[in-house]
Amino acid sequence: MEARIAVLGGDGIGPEVTAESVKVIEAVGRRFGHTFEWVPGIVGGRSIDQTGKAITADTMNLLLGADAVLFGAVGGPKWDDPRAKVRPEDGILAMRKTLGLFANLRPVKVFSQLADSSPLREERIKGVDFVIIRELTGGLYFGKPKRRWENTRGRRAVDTLSYTEKEIQRVVRVGFELARMRRKRLHSLDKMNVMETSRLWREVATEVGHEYPDVELVHMLADNAAMQIVTNPAVFDVIVTENTFGDILSDEAAVIGGSMGMLPSASLTSIPKSGGRRRRGGKPSLYEPIHGSAPDIAGRGIANPLASILSSAMMLRWSFGLHKEAAAVEDAVEGFLAEGYRTADIATPGKPSLQTAKVGDMIAAHVLG
Ligand code: IPM
Ligand code: MN
(Lines give C-alpha, C1' and ligand atoms only; values in the text may rest on other atoms or scores of the structure.)
(Ligands and ions follow the chains in the order given, each with its own letter.)
Protein backbone atom coordinates (compact mmCIF):
# COMPACT_ATOMS: atom_id res chain seq x y z
CA MET A 1 0.00 0.00 0.00
CA GLU A 2 0.89 3.67 -0.25
CA ALA A 3 0.22 6.30 2.39
CA ARG A 4 0.97 9.94 2.91
CA ILE A 5 1.95 10.83 6.46
CA ALA A 6 2.18 14.38 7.80
CA VAL A 7 5.05 14.76 10.29
CA LEU A 8 4.88 17.53 12.88
CA GLY A 9 7.77 17.19 15.29
CA GLY A 10 6.90 20.38 17.16
CA ASP A 11 9.16 21.65 19.96
CA GLY A 12 11.78 20.34 22.37
CA ILE A 13 12.48 16.63 21.93
CA GLY A 14 9.45 16.28 19.60
CA PRO A 15 11.47 16.47 16.34
CA GLU A 16 14.18 14.17 17.74
CA VAL A 17 11.81 11.36 18.66
CA THR A 18 9.59 11.60 15.56
CA ALA A 19 12.70 11.35 13.33
CA GLU A 20 13.29 7.89 14.82
CA SER A 21 9.70 6.85 14.07
CA VAL A 22 10.18 7.88 10.44
CA LYS A 23 13.25 5.62 10.29
CA VAL A 24 11.31 2.71 11.73
CA ILE A 25 8.28 3.14 9.43
CA GLU A 26 10.63 3.38 6.45
CA ALA A 27 12.10 0.04 7.54
CA VAL A 28 8.57 -1.39 7.72
CA GLY A 29 7.99 -0.14 4.16
CA ARG A 30 11.15 -1.84 2.91
CA ARG A 31 10.45 -5.11 4.65
CA PHE A 32 6.75 -5.39 3.78
CA GLY A 33 6.67 -3.58 0.44
CA HIS A 34 4.79 -0.37 1.32
CA THR A 35 5.54 3.17 0.24
CA PHE A 36 5.26 6.03 2.69
CA GLU A 37 5.35 9.63 1.61
CA TRP A 38 6.34 12.14 4.31
CA VAL A 39 4.92 15.65 4.45
CA PRO A 40 6.61 17.91 7.05
CA GLY A 41 4.77 20.71 8.86
CA ILE A 42 5.34 23.07 11.76
CA VAL A 43 3.28 23.52 14.90
CA GLY A 44 3.61 24.91 18.44
CA GLY A 45 6.31 27.32 19.61
CA ARG A 46 8.26 27.12 16.36
CA SER A 47 5.14 28.03 14.44
CA ILE A 48 4.47 30.96 16.80
CA ASP A 49 8.02 32.22 16.20
CA GLN A 50 7.70 31.94 12.43
CA THR A 51 4.07 32.90 11.82
CA GLY A 52 2.59 34.30 15.03
CA LYS A 53 0.16 31.36 15.18
CA ALA A 54 0.44 27.98 16.95
CA ILE A 55 -0.76 26.36 13.72
CA THR A 56 -1.60 28.01 10.41
CA ALA A 57 -4.51 27.29 8.06
CA ASP A 58 -1.96 26.06 5.48
CA THR A 59 -0.59 23.50 7.91
CA MET A 60 -4.09 22.40 8.83
CA ASN A 61 -4.88 21.88 5.13
CA LEU A 62 -1.72 19.85 4.77
CA LEU A 63 -2.96 17.59 7.59
CA LEU A 64 -6.41 17.26 6.02
CA GLY A 65 -4.73 16.00 2.85
CA ALA A 66 -2.75 13.31 4.68
CA ASP A 67 -3.73 9.73 5.56
CA ALA A 68 -2.35 10.05 9.09
CA VAL A 69 -0.45 12.50 11.27
CA LEU A 70 2.69 11.75 13.26
CA PHE A 71 3.06 14.36 15.98
CA GLY A 72 5.86 14.96 18.50
CA ALA A 73 5.22 17.47 21.30
CA VAL A 74 4.82 21.23 21.78
CA GLY A 75 5.76 23.83 24.36
CA GLY A 76 8.76 25.16 26.26
CA PRO A 77 9.81 27.87 28.72
CA LYS A 78 10.18 30.43 25.93
CA TRP A 79 6.40 30.47 25.37
CA ASP A 80 5.24 29.84 28.94
CA ASP A 81 4.14 33.32 30.01
CA PRO A 82 0.62 32.79 31.44
CA ARG A 83 -0.42 36.17 29.99
CA ALA A 84 0.67 35.25 26.44
CA LYS A 85 -2.07 35.70 23.82
CA VAL A 86 -1.07 32.54 21.97
CA ARG A 87 0.36 29.33 23.37
CA PRO A 88 2.10 26.36 21.67
CA GLU A 89 -0.55 24.07 23.19
CA ASP A 90 -3.20 25.90 21.12
CA GLY A 91 -1.69 24.05 18.13
CA ILE A 92 -2.43 20.57 19.41
CA LEU A 93 -5.84 21.62 20.74
CA ALA A 94 -6.75 23.07 17.32
CA MET A 95 -5.64 19.87 15.58
CA ARG A 96 -7.77 17.74 17.91
CA LYS A 97 -10.84 19.91 17.33
CA THR A 98 -10.46 20.50 13.57
CA LEU A 99 -9.63 16.89 12.77
CA GLY A 100 -12.42 15.65 15.08
CA LEU A 101 -10.07 13.43 17.09
CA PHE A 102 -12.61 12.57 19.76
CA ALA A 103 -11.11 9.32 21.06
CA ASN A 104 -7.62 9.29 22.52
CA LEU A 105 -6.27 5.79 23.17
CA ARG A 106 -3.46 5.60 25.72
CA PRO A 107 -2.31 2.03 26.28
CA VAL A 108 -0.61 1.36 29.59
CA LYS A 109 1.57 -1.67 29.38
CA VAL A 110 4.23 -2.66 31.84
CA PHE A 111 7.20 -4.19 30.10
CA SER A 112 8.44 -6.89 32.46
CA GLN A 113 12.02 -5.93 31.56
CA LEU A 114 11.42 -2.51 33.12
CA ALA A 115 9.80 -3.68 36.36
CA ASP A 116 12.80 -2.29 38.25
CA SER A 117 12.11 1.24 37.03
CA SER A 118 8.52 1.26 38.31
CA PRO A 119 7.73 3.18 41.50
CA LEU A 120 5.34 0.31 42.38
CA ARG A 121 6.26 -3.06 43.84
CA GLU A 122 6.75 -5.81 41.31
CA GLU A 123 3.77 -7.94 42.42
CA ARG A 124 1.42 -4.98 41.93
CA ILE A 125 2.39 -4.28 38.34
CA LYS A 126 2.53 -7.86 37.14
CA GLY A 127 0.31 -8.35 34.11
CA VAL A 128 -0.74 -4.69 33.93
CA ASP A 129 -2.12 -4.08 30.45
CA PHE A 130 -4.93 -1.61 30.01
CA VAL A 131 -6.00 1.21 27.70
CA ILE A 132 -7.27 4.61 28.78
CA ILE A 133 -9.67 6.16 26.30
CA ARG A 134 -9.75 9.85 26.97
CA GLU A 135 -12.54 11.92 25.40
CA LEU A 136 -10.53 14.52 23.49
CA THR A 137 -12.68 17.15 21.80
CA GLY A 138 -15.14 18.12 24.55
CA GLY A 139 -15.42 18.41 28.31
CA LEU A 140 -13.58 20.97 30.39
CA TYR A 141 -11.00 21.63 27.68
CA PHE A 142 -13.43 23.02 25.14
CA GLY A 143 -16.66 24.05 26.94
CA LYS A 144 -17.80 27.67 26.57
CA PRO A 145 -17.71 30.12 28.30
CA LYS A 146 -13.98 29.90 28.79
CA ARG A 147 -12.55 33.26 29.76
CA ARG A 148 -11.43 35.60 32.46
CA TRP A 149 -12.48 39.07 33.47
CA GLU A 150 -11.92 41.67 36.12
CA ASN A 151 -14.32 43.94 37.96
CA THR A 152 -14.28 46.01 41.14
CA ARG A 153 -14.28 42.84 43.26
CA GLY A 154 -11.19 41.49 41.53
CA ARG A 155 -10.24 38.94 38.90
CA ARG A 156 -12.35 35.96 37.96
CA ALA A 157 -12.01 33.11 35.46
CA VAL A 158 -14.33 30.39 34.21
CA ASP A 159 -14.04 27.09 32.34
CA THR A 160 -17.08 25.06 31.42
CA LEU A 161 -17.67 21.32 31.52
CA SER A 162 -20.36 20.38 29.04
CA TYR A 163 -21.27 17.24 27.09
CA THR A 164 -24.00 16.23 24.69
CA GLU A 165 -25.29 12.69 24.74
CA LYS A 166 -23.90 12.15 21.22
CA GLU A 167 -20.39 13.09 22.36
CA ILE A 168 -20.64 10.64 25.23
CA GLN A 169 -22.15 7.86 23.11
CA ARG A 170 -19.46 7.85 20.45
CA VAL A 171 -16.52 7.75 22.83
CA VAL A 172 -18.12 5.17 25.11
CA ARG A 173 -18.76 3.08 21.99
CA VAL A 174 -15.03 3.16 21.23
CA GLY A 175 -14.55 1.81 24.75
CA PHE A 176 -16.95 -1.07 24.19
CA GLU A 177 -15.54 -1.92 20.75
CA LEU A 178 -12.01 -1.98 22.12
CA ALA A 179 -13.00 -4.02 25.19
CA ARG A 180 -14.64 -6.51 22.85
CA MET A 181 -11.27 -7.00 21.09
CA ARG A 182 -9.57 -7.47 24.48
CA ARG A 183 -10.62 -8.89 27.88
CA LYS A 184 -14.20 -7.55 27.69
CA ARG A 185 -14.22 -5.26 30.70
CA LEU A 186 -14.93 -1.54 30.47
CA HIS A 187 -14.51 0.88 33.38
CA SER A 188 -16.38 4.15 32.84
CA LEU A 189 -15.07 6.86 35.15
CA ASP A 190 -17.04 9.89 36.32
CA LYS A 191 -17.86 12.09 39.33
CA MET A 192 -21.60 11.43 39.35
CA ASN A 193 -21.75 12.16 43.08
CA VAL A 194 -20.95 15.79 42.27
CA MET A 195 -21.42 16.69 38.62
CA GLU A 196 -24.41 16.88 36.30
CA THR A 197 -22.31 16.01 33.23
CA SER A 198 -21.12 12.90 35.05
CA ARG A 199 -24.68 11.81 35.78
CA LEU A 200 -25.49 12.13 32.08
CA TRP A 201 -22.25 10.31 31.24
CA ARG A 202 -23.17 7.37 33.50
CA GLU A 203 -26.72 7.19 32.13
CA VAL A 204 -25.56 7.21 28.50
CA ALA A 205 -22.77 4.68 29.18
CA THR A 206 -25.35 2.33 30.71
CA GLU A 207 -27.63 2.72 27.67
CA VAL A 208 -24.82 2.05 25.19
CA GLY A 209 -23.89 -0.95 27.35
CA HIS A 210 -27.17 -2.65 26.40
CA GLU A 211 -25.72 -3.04 22.88
CA TYR A 212 -22.72 -4.87 24.32
CA PRO A 213 -24.05 -7.56 26.67
CA ASP A 214 -20.79 -9.50 26.24
CA VAL A 215 -18.74 -6.67 27.81
CA GLU A 216 -18.78 -6.09 31.57
CA LEU A 217 -19.41 -2.39 32.31
CA VAL A 218 -18.09 -1.09 35.64
CA HIS A 219 -18.87 2.47 36.73
CA MET A 220 -16.25 3.96 39.01
CA LEU A 221 -15.69 7.38 40.52
CA ALA A 222 -12.64 9.01 38.98
CA ASP A 223 -10.97 9.74 42.34
CA ASN A 224 -11.36 6.13 43.39
CA ALA A 225 -9.89 5.09 40.03
CA ALA A 226 -6.85 7.30 40.73
CA MET A 227 -6.26 5.22 43.82
CA GLN A 228 -6.92 1.86 42.10
CA ILE A 229 -4.39 2.71 39.37
CA VAL A 230 -1.61 2.56 41.95
CA THR A 231 -3.01 -0.07 44.31
CA ASN A 232 -4.65 -2.52 41.94
CA PRO A 233 -3.84 -1.61 38.32
CA ALA A 234 -4.25 -5.14 37.00
CA VAL A 235 -8.07 -4.94 37.36
CA PHE A 236 -8.35 -2.60 34.41
CA ASP A 237 -8.79 -3.64 30.80
CA VAL A 238 -10.30 -0.58 29.09
CA ILE A 239 -11.10 2.74 30.78
CA VAL A 240 -13.21 5.49 29.22
CA THR A 241 -13.51 8.97 30.69
CA GLU A 242 -13.87 12.74 30.34
CA ASN A 243 -11.09 14.83 28.77
CA THR A 244 -9.51 16.30 31.95
CA PHE A 245 -9.89 13.16 34.05
CA GLY A 246 -8.23 11.22 31.22
CA ASP A 247 -5.39 13.72 30.99
CA ILE A 248 -4.58 13.48 34.69
CA LEU A 249 -5.09 9.74 35.09
CA SER A 250 -3.02 8.89 32.03
CA ASP A 251 0.04 10.68 33.42
CA GLU A 252 -0.43 8.78 36.65
CA ALA A 253 -0.83 5.50 34.78
CA ALA A 254 2.14 6.23 32.54
CA VAL A 255 4.70 6.20 35.31
CA ILE A 256 3.71 2.81 36.70
CA GLY A 257 5.38 1.30 33.66
CA GLY A 258 8.67 2.89 34.68
CA SER A 259 8.84 5.92 32.40
CA MET A 260 6.63 8.40 30.58
CA GLY A 261 9.07 7.83 27.73
CA MET A 262 7.48 4.49 26.89
CA LEU A 263 3.82 5.37 26.40
CA PRO A 264 2.31 5.92 22.96
CA SER A 265 -1.10 7.27 22.02
CA ALA A 266 -3.55 7.37 19.14
CA SER A 267 -6.19 10.03 18.63
CA LEU A 268 -8.91 8.66 16.40
CA THR A 269 -11.62 10.22 14.27
CA SER A 270 -13.89 7.21 14.13
CA ILE A 271 -14.91 4.12 16.03
CA PRO A 272 -12.38 1.42 15.27
CA LYS A 273 -13.93 -1.84 14.17
CA SER A 274 -10.92 -4.06 13.85
CA GLY A 275 -8.63 -1.37 12.56
CA GLY A 276 -9.25 -0.95 8.85
CA ARG A 277 -8.08 1.87 6.62
CA ARG A 278 -9.74 5.20 7.12
CA ARG A 279 -12.75 5.99 4.99
CA ARG A 280 -12.06 7.82 1.75
CA GLY A 281 -12.47 11.53 2.31
CA GLY A 282 -12.37 11.02 6.08
CA LYS A 283 -10.05 12.98 8.32
CA PRO A 284 -6.68 11.58 9.38
CA SER A 285 -6.05 10.21 12.86
CA LEU A 286 -3.06 11.48 14.85
CA TYR A 287 -0.35 9.59 16.72
CA GLU A 288 1.89 10.99 19.43
CA PRO A 289 3.86 9.98 22.51
CA ILE A 290 2.07 10.94 25.71
CA HIS A 291 5.17 12.69 27.08
CA GLY A 292 5.76 16.37 26.44
CA SER A 293 8.53 18.38 24.81
CA ALA A 294 11.00 17.89 27.73
CA PRO A 295 12.88 21.18 27.08
CA ASP A 296 15.44 20.30 29.76
CA ILE A 297 16.90 17.50 27.64
CA ALA A 298 16.08 18.83 24.15
CA GLY A 299 18.92 18.83 21.62
CA ARG A 300 21.12 16.51 23.66
CA GLY A 301 20.22 13.36 21.75
CA ILE A 302 19.28 11.45 24.89
CA ALA A 303 15.47 11.40 24.67
CA ASN A 304 13.75 8.03 24.65
CA PRO A 305 12.09 7.61 21.21
CA LEU A 306 10.24 4.41 22.13
CA ALA A 307 6.92 6.13 22.93
CA SER A 308 6.97 7.77 19.50
CA ILE A 309 8.02 4.52 17.82
CA LEU A 310 5.20 2.66 19.58
CA SER A 311 2.81 5.43 18.48
CA SER A 312 3.83 4.78 14.89
CA ALA A 313 3.00 1.10 15.44
CA MET A 314 -0.47 2.24 16.52
CA MET A 315 -0.67 4.25 13.28
CA LEU A 316 0.10 1.17 11.21
CA ARG A 317 -2.66 -0.71 13.03
CA TRP A 318 -5.44 1.87 13.42
CA SER A 319 -5.02 4.05 10.32
CA PHE A 320 -3.75 1.52 7.80
CA GLY A 321 -4.98 -1.84 9.12
CA LEU A 322 -1.39 -3.15 8.92
CA HIS A 323 -1.54 -5.56 11.85
CA LYS A 324 1.51 -7.70 11.22
CA GLU A 325 3.59 -4.64 10.46
CA ALA A 326 2.49 -3.05 13.76
CA ALA A 327 3.34 -6.26 15.58
CA ALA A 328 6.78 -6.30 13.94
CA VAL A 329 7.53 -2.85 15.40
CA GLU A 330 6.23 -3.82 18.85
CA ASP A 331 8.25 -7.05 18.79
CA ALA A 332 11.35 -5.05 17.86
CA VAL A 333 10.83 -2.81 20.92
CA GLU A 334 10.36 -5.84 23.19
CA GLY A 335 13.45 -7.46 21.70
CA PHE A 336 15.48 -4.30 22.21
CA LEU A 337 14.51 -4.15 25.90
CA ALA A 338 15.00 -7.88 26.39
CA GLU A 339 18.55 -7.54 25.09
CA GLY A 340 19.11 -5.08 27.93
CA TYR A 341 19.41 -1.86 25.93
CA ARG A 342 18.21 1.29 27.68
CA THR A 343 17.90 5.04 27.21
CA ALA A 344 18.80 7.47 30.01
CA ASP A 345 15.27 7.64 31.49
CA ILE A 346 15.12 3.88 32.09
CA ALA A 347 18.83 3.17 32.55
CA THR A 348 20.14 1.16 35.44
CA PRO A 349 22.26 3.58 37.48
CA GLY A 350 25.92 3.30 36.52
CA LYS A 351 25.19 1.48 33.24
CA PRO A 352 25.66 3.22 29.87
CA SER A 353 22.57 4.32 27.99
CA LEU A 354 21.96 4.71 24.27
CA GLN A 355 21.50 7.91 22.27
CA THR A 356 18.11 8.62 20.65
CA ALA A 357 19.32 8.06 17.07
CA LYS A 358 21.03 4.80 17.95
CA VAL A 359 17.77 3.45 19.38
CA GLY A 360 15.95 4.23 16.11
CA ASP A 361 18.73 2.57 14.09
CA MET A 362 18.53 -0.56 16.22
CA ILE A 363 14.73 -0.85 16.14
CA ALA A 364 14.77 -0.29 12.35
CA ALA A 365 17.45 -2.98 11.95
CA HIS A 366 15.38 -5.35 14.10
CA VAL A 367 12.30 -4.72 11.91
CA LEU A 368 14.34 -5.50 8.78
CA GLY A 369 15.32 -8.80 10.43
C1 IPM B 1 -1.53 15.74 26.73
C2 IPM B 1 -0.95 17.08 27.09
C3 IPM B 1 -1.83 18.16 26.47
C4 IPM B 1 -3.17 18.08 27.14
C5 IPM B 1 -1.28 19.59 26.54
C6 IPM B 1 0.10 19.69 25.91
C7 IPM B 1 -2.23 20.58 25.92
O8 IPM B 1 -0.80 17.22 28.46
O9 IPM B 1 -1.66 15.43 25.54
O10 IPM B 1 -1.86 14.98 27.65
O11 IPM B 1 -3.38 18.65 28.24
O12 IPM B 1 -4.07 17.46 26.57
MN1 MN C 1 -1.36 15.44 29.60
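We count ligands from 1, going down the list as the structure has it; atoms in each ligand are counted the same way.
- Residue R96 has at least one N or O atom closer than 3.5 Å to an N or O atom of ligand 1.
- For atom 6 (C) of ligand 1, the closest non-hydrogen atom on the protein side is E89 CG, 3.8 Å.
- None of the N, O or S atoms belonging to D251 lies under 2.8 Å away from the Mn ion (ligand 2).
- Atom 11 (O) of ligand 1 has Y141 OH, 2.5 Å as its closest protein atom, hydrogens excluded (heavy atom only).
- Between H291 and I13, the shortest heavy-atom distance links the atoms CE1-CD1, 3.5 Å.
- Of all protein heavy atoms, the one closest to atom 2 (C) of ligand 1 is D247 OD1, 4.2 Å.
- In this structure, V367 and R31 approach most closely via the heavy-atom pair O-NH1, 2.8 Å.
- Inspection of the D247 and Y141 side chains reveals an N or O donor paired with an N or O acceptor under 3.5 Å.
- Here H291 has no heavy atoms under 4.0 Å from ligand 1, in either its backbone or its side chain.
- Among all heavy-atom pairs drawn from L140 and L161, the shortest one is N-CD1, 3.4 Å.
- Under the 3.5 Å distance criterion, with hydrogens and angles disregarded, no donor-acceptor pair is assigned to the side chains of D58 and T56.
- Within D247, OD1 is the N, O or S atom that lies nearest to the Mn ion (ligand 2).
- Those atoms of ligand 1 with a heavy atom of R134 less than 4.0 angstrom away are 1 (C), 4 (C), 9 (O), 10 (O), 11 (O), 12 (O).
- By the 4.0 Å N-to-carboxylate-O rule, R96 lies close enough to E288 to be salt-bridged with it.
- Side-chain contact, S259 with D345: a donor N or O sits under 3.5 Å from an acceptor N or O.
- Residue contact annotation: R106 has a non-hydrogen atom under 4.0 Å from ligand 1.
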